[in-house]
*Asks:* 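Below are the structure tokens for one structure; questions will follow.
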Amino acid sequence: MLRIYDTLEGRKKEFVPVREGKVGMYFCGMTVQSEPHVGHMRVAVVSDLFKRYLRYKGYDVTLVINFTDIDDKIIEKAGEEGVDYLEIAQRNIDKFMEFLHFLGAEEADHYPRATEFVGEIIKLVERLVERGYAYESGGDVYFEVKKWKNYGKLSKRNLEDLLAGASQRVALDDKKRNPEDFAVWKAAKEGEPAWESPWGMGRPGWHIECSAMSTKYLGEHFDIHGGGTELIFPHHENEMAQSEAATGKPYVNHWVHHGLVNLVGEKMSKSTGHFKTMEEIAAKFPPDVVRFYLLSTHYRTQIEFSDERLEEAASSIERFENLFRTLDRVVGPEGQGDEGAEPSAAMEEERAKFIEAMDDDLNTAQAMGHLFEAVRVLNQEIESGASAEVLRADRRTLRGLLDILGLLKDLETAGEDAPEEVEKLVAARTDARAARDWARADELRAEIEAAGYTVEDTPDGPVVRKAR
RNA sequence: GGCGGCGUAGCCAAGUGGCUAAGGCAGAGGACUGCAAAUCCUCGAUCACCGGUUCGAAUCCGGUCGCCGCCUCCA
């Protein structure tokens, strides 16, 4: 039984799809006023993880990741740079997509942008006004928070707390009836991007686009809505209020919030400039290392991103690389002839535990522990001379589990050919060893290593590969 | 100030009432090896602190200390 945590209820709940056999998921991608950073890598990986696992569980999954390409910040930025706001949006969306691919995440099914849904947004705002939850004021339209009795349920705060906390910060806007009300539609100022609406020229407020776009693709009530924890308030709280007020139905079954990524103890933030871009990370570490690191902690836990952590992940991955390389040597490459045989009992046990861990709110940290155990199982089998049939079956099983996590697809096991001069050194070393001239052999190995390669002696002869 | 979360071995990180507290990185010893590498075997935790509930607590309750997040644009 698959259980997934829900922020709204504050507990893990059994996953029961709204529509049998199907899963609708919506993840808040990014507001595209600036470059994607490490935090966005986590959304990319977490949304992909959910997609892959739910599909593994047999569901037909639809994943929507949105881009909010119109808001105060991007207009501001466009002004600063003197370019069209859509140009900035496109540039950052392109980067996001580039690194999504870098991380080995599958494409989502839809990537809606707020500006493409203004018509839907206007309809939704009209509906809110008709139902008495929103009011027009000077060209703006506000959601009247106190009309919605469930307001605060998601972020677990009440109106009084909110007002107490915000009283010093939120300037009283005389267009609003109440300080806690939020804009669903904003009148455009001179020169700002604007759309025609029943309330004059204007543009969508911040939260409304997600309500409109999620409903468009997934219906008024869908399964999973995700994003970072910092979006719980106000973004998701407001989004939920709008959607439920408009439809009178529950909006989503599982609110999934992943922990934030910190850099040396401090949260990354666009406003303080304290963040690492995806580009900086990608330049330094291979995709699998980043993905492995991101998955080695449970998705709801906040994590710290640092070079040391990534180096550790890289070391961990070597265990898999070494195993697959050895298996290639011992039983040949993956693929042909791997079907048929049943995995060993030890491997089957690890597989079952892996799935059990994943069924418990996608606990990748625990699941990966079993992956390492599976590696040990295979290594033990190799040591004890298990049959090629069993080794192949077990390798295939392990590969299947890695695929669920989208990990290590392109493991380098063959160890591409070393340059000719290195090959010559290796050959010379083999001769020296045959002649039991150990001093010469060691000397040659030193030369090979100086050239950036390592040589390992195996029962099947020396294996050369690039040193890490 | 209000709300939420966290504190598990040198580091990272699972486990939330009961078998010997997963796993990884780093480290030590052993096996294998001409030497290595890889691999296998072995080795490390009074679960922040104090008190309580319980036959039994890392796990539940109360308190203390420390860290983080949200309350304001942000994955």
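To find a chain, count down the sequence lines: A is the first, B the second, and so on, and within it residues start at 1.
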*Asks:* Could you tell me whether A/N363 contacts a base, only the sugar-phosphate backbone, or nothing, with contacts defined as non-hydrogen atoms closer than 4.0 Å?
*Replies:* sugar-phosphate

*Asks:* What does B/rC70 pair with, Watson-Crick or G-U, if both distances are under 3.5 Å?
*Replies:* B/rG2

*Asks:* Could you state the atom-to-atom distance from CZ of A/R309 to P of B/rC11 in whole Å?
*Replies:* 10 Å

*Asks:* A/R329 near the nucleic acid: base, sugar-phosphate alone, or nothing, with a heavy-atom cut-off under 4.0 Å?
*Replies:* nothing

*Asks:* Taking any strand in view, what nucleotide pairs with B/rG7 in a Watson-Crick or G-U wobble way, both distances under 3.5 Å?
*Replies:* B/rC65

*Asks:* Between B/rC50 and B/rU59, how far apart are the two P atoms, rounded to whole Å?
*Replies:*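 About 12 Å, rounded to a whole number of Å.
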
*Asks:* With heavy atoms under 4.0 Å as the rule, sort A/Q302 into base, sugar-phosphate or nothing.
*Replies:*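 Result for A/Q302 = sugar-phosphate.
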
*Asks:* Once you round it to whole Å, what is the distance between C1' of B/rA75 and CG of A/L294?
*Replies:*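 Checked: the CG to C1' distance equals 11 Å.
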
*Asks:* How would you label the contact of A/E383 with the nucleic acid (heavy atoms, under 4.0 Å): base, sugar-phosphate, or nothing?
*Replies:*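 The answer is base, as A/E383 lies within the cut-off (heavy atoms under 4.0 Å) of a base atom.
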
*Asks:* With a non-hydrogen cut-off below 4.0 angstrom, is A/G226 in contact with a base, only sugar-phosphate, or nothing?
*Replies:* nothing

*Asks:* What verdict does the side-chain hydrogen bond (donor to acceptor under 3.5 Å, both in side chains) test give for A/H207 and A/E239, after you've listed the backbone C-alpha separation in whole Å, the side-chain angles of each residue and the deciding distance to 0.1 Å?
*Replies:* CA-CA 5 Å; A/H207 319 291; A/E239 187 184 333; over 6 Å; no

*Asks:* Give A/T458 one of three labels, base, sugar-phosphate or nothing, depending on what nucleic acid heavy atoms sit under 4.0 Å from its own.
*Replies:*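 Nothing, no nucleic acid heavy atom in range.
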
*Asks:* Under 4.0 Å between a side-chain N or O of A/S384 and OP1 or OP2 of B/rU39?
*Replies:* no

*Asks:* Please report the distance separating the P of B/rC73 from the corresponding atom of B/rC47, rounded so that it comes out in whole Å.
*Replies:*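 Each nucleotide's P atom is 43 Å from the other's.
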
*Asks:* Ignoring the backbone of A/Q380, work out which of B/rC41, B/rG69, B/rG23 is nearest its side chain.
*Replies:*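 The closest nucleotide is B/rC41.
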
*Asks:* Starting the side chain at C-beta, find the nucleotide from B/rC40, B/rC3, B/rA38 nearest to A/E456.
*Replies:*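 Taking heavy atoms from C-beta onward, the closest nucleotide is B/rA38.
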
*Asks:* So which nucleotide does B/rC40 pair with, by the Watson-Crick or G-U wobble rule with both distances under 3.5 Å?
*Replies:*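 B/rG30 is the nucleotide pairing with B/rC40.
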
*Asks:* Now, which nucleotide makes the Watson-Crick or G-U wobble pair with B/rU20, with each of the two distances under 3.5 Å?
*Replies:* none

*Asks:* Using the side-chain heavy atoms of A/P234, tell me which of these nucleotides is nearest: B/rC71, B/rG34, B/rA75.
*Replies:*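 Out of B/rC71, B/rG34, B/rA75, the nucleotide with an atom closest to A/P234's side chain is B/rC71.
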
*Asks:* Can a cation-pi geometry be assigned to A/R399 and A/F324, taking NZ or CZ under 6.0 Å from the six-membered ring centre and within 45° of the ring axis?
*Replies:*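 Yes; both conditions hold, so A/R399 lies above the ring face of A/F324.
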
*Asks:* Would you classify A/R433 as touching base, sugar-phosphate or nothing, given that sugar-phosphate means primed atoms plus P, OP1 and OP2, and contacts are heavy atoms under 4.0 Å?
*Replies:* base

*Asks:* Considering only atom C1', compute the distance from B/rG56 to B/rG17 and round it to an integer number of Å.
*Replies:*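 Comparing C1' positions in B/rG56 and B/rG17 gives a spacing of 8 Å.
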
*Asks:* Does A/T31 make a side-chain N or O approach to OP1 or OP2 of B/rA75 shorter than 4.0 Å?
*Replies:*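 Checking A/T31 against B/rA75: at least one side-chain N or O falls below 4.0 Å of OP1 or OP2.
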
*Asks:* Using a 4.0 Å heavy-atom cut-off across all strands, classify A/L323 as base, sugar-phosphate, or nothing.
*Replies:* nothing

*Asks:* Name the nucleic acid region contacted by A/V46, choosing base, sugar-phosphate or nothing; use a 4.0 angstrom heavy-atom cut-off, strictly under.
*Replies:* nothing

*Asks:* Between B/rA13 and B/rA22, how many Å separate the two C1' atoms, rounded to a whole number?
*Replies:*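 My reading of the C1' atoms in B/rA13 and B/rA22 gives 10 Å.
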
*Asks:* Of the listed nucleotides (B/rA22, B/rC3, B/rC35), which one gets closest to any side-chain atom of A/D442?
*Replies:*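 Output: B/rC35.
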
*Asks:* Nearest to the A/F372 side chain among B/rG69, B/rA13, B/rG24, which nucleotide is it?
*Replies:* B/rG24

*Asks:* Could you state the atom-to-atom distance from CE of A/M358 to P of B/rA14 in whole Å?
*Replies:*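 Atom-to-atom, A/M358 to B/rA14, this comes out as 14 Å.
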
*Asks:* Rounded off to whole Å, could you give me the CG-to-C1' distance for the A/D394 and B/rU39 pair?
*Replies:*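 Value for this atom pair: 17 Å.
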
*Asks:* Between B/rC11 atom C1' and A/E312 atom CD, what is the distance in whole Å?
*Replies:*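 So the CD-C1' distance, A/E312 to B/rC11, works out to 6 Å.
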
*Asks:* Where the side chain of A/M30 is concerned, which of B/rC3, B/rG69, B/rA75 is the nearest nucleotide?
*Replies:* B/rA75

*Asks:* Could you check whether any side-chain N or O of A/D6 sits under 3.5 Å from a backbone N or O of A/L8, counting only pairs where one atom can act as donor and the other as acceptor?
*Replies:*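 Pair found, side chain donor or acceptor close to backbone of A/L8.
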
*Asks:* Do A/W438 and the base of B/rG34 stack face to face, with centres under 5.5 Å apart and an angle between planes under 30°?
*Replies:* yes

*Asks:* Between A/Y85 and A/Q33, is any pair of side-chain heavy atoms under 4.5 Å apart?
*Replies:* no

*Asks:* Got A/P112 and A/Y217 here, is their nearest side-chain heavy-atom distance under 4.5 Å?
*Replies:* yes

*Asks:* Closest-nucleotide mapping onto RNA chain B: is A/H235 or A/M368 further toward the 5' terminus? I mean the 5' end.
*Replies:*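 By nearest-heavy-atom nucleotide position, the 5'-most residue is A/M368.
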
*Asks:* Base, sugar-phosphate, or nothing for A/E308, non-hydrogen atoms under 4.0 angstrom?
*Replies:*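 Result for A/E308 = nothing.
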
*Asks:* Any donor-acceptor pair under 3.5 Å linking the side chain of A/S243 with the backbone of A/M240?
*Replies:* no

*Asks:* Would you say that A/L103 contacts A/M41 through its side chain, given a criterion of any heavy-atom pair below 4.5 Å between the two side chains?
*Replies:*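 A/L103 vs A/M41: side chains touch.
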
*Asks:* Hey, does A/E192 have a side-chain heavy atom less than 4.5 Å from the side chain of A/K186?
*Replies:*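 Not touching, per the 4.5 Å side-chain cut-off.
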
*Asks:* Rounding to a whole Å, what distance do you find between A/R376:CZ and B/rA22:P?
*Replies:* 12 Å

*Asks:* When the distance from NZ of A/K353 to C1' of B/rA14 is rounded to whole Å, what number comes out?
*Replies:* 13 Å

*Asks:* Base of B/rC68, side chain of A/N262 - is there a donor-acceptor contact under 3.5 Å?
*Replies:* no

*Asks:* Would you mind classifying the nucleic acid contact of A/N322 as base, sugar-phosphate or nothing, using non-hydrogen atoms under 4.0 angstrom?
*Replies:*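 Sugar-phosphate contact only - A/N322 comes under 4.0 Å of backbone atoms but never of a base.
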
*Asks:* Applying the side-chain hydrogen bond (donor to acceptor under 3.5 Å, both in side chains) criterion to A/D361, which one of A/K12, A/Q366, A/R300, A/H254 satisfies it?
*Replies:* A/R300

*Asks:* To the nearest angstrom, how far is A/R429 atom CZ from B/rG34 atom P?
*Replies:*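 It is 11 Å, rounded to the nearest whole Å.
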
*Asks:* Given B/rA14, B/rA75, B/rC71, identify the nucleotide with an atom nearest to the side chain of A/V43.
*Replies:* B/rA75

*Asks:* For the side chain of A/D431 and the backbone of A/A434, is there at least one donor-acceptor N/O pair under 3.5 Å apart?
*Replies:*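 A pair under 3.5 Å: no.
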
*Asks:* Return whichever of A/N379 or A/G259 has its heavy-atom-nearest nucleotide of RNA chain B closer to the 5' end.
*Replies:*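 Checking each residue's closest nucleotide, the 5'-ward one belongs to A/N379.
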
*Asks:* Expressed in whole Å, how much space separates the C1' atoms belonging to B/rC12 and B/rC55?
*Replies:* 37 Å

*Asks:* For a quick check of understanding: with a heavy-atom distance under 4.0 Å over all strands, which category does A/R42 fall into, base, sugar-phosphate or nothing?
*Replies:*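 Nothing: the residue A/R42, judged by heavy atoms under 4.0 Å, touches no strand.
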
*Asks:* Can you tell which of B/rC40, B/rC12, B/rG69 lies closest to the side chain of A/R319?
*Replies:* B/rC40

*Asks:* Paired with B/rC35 by Watson-Crick or G-U wobble geometry, both distances under 3.5 Å: which nucleotide is it?
*Replies:*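 For B/rC35, the partner nucleotide comes out as none, under the 3.5 Å rule.
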
*Asks:* Give me the distance, rounded to whole Å, that separates B/rA31 from B/rA37 when you measure between the P atoms they each carry.
*Replies:* 14 Å

*Asks:* For B/rU54, give its Watson-Crick or G-U wobble partner with both distances under 3.5 Å, or none.
*Replies:* none

*Asks:* Say we look at B/rC11 and B/rG27: how far apart would their C1' atoms be, to the nearest angstrom?
*Replies:* 12 Å

*Asks:* Need one value for A/R445: base, sugar-phosphate or nothing, where a base atom within 4.0 Å counts as base even if backbone is also close, heavy atoms only.
*Replies:*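 Touches a base.
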
*Asks:* Quantified in whole Å, what is the P atom distance between nucleotide B/rA58 and nucleotide B/rA9?
*Replies:*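 B/rA58 and B/rA9 have their P atoms separated by 14 Å.
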
*Asks:* Which is true for A/H298 with a 4.0 Å heavy-atom rule: it touches a base, it touches only sugar-phosphate, or it touches nothing?
*Replies:*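 A/H298: backbone/sugar contact only, no base atoms under 4.0 Å.
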
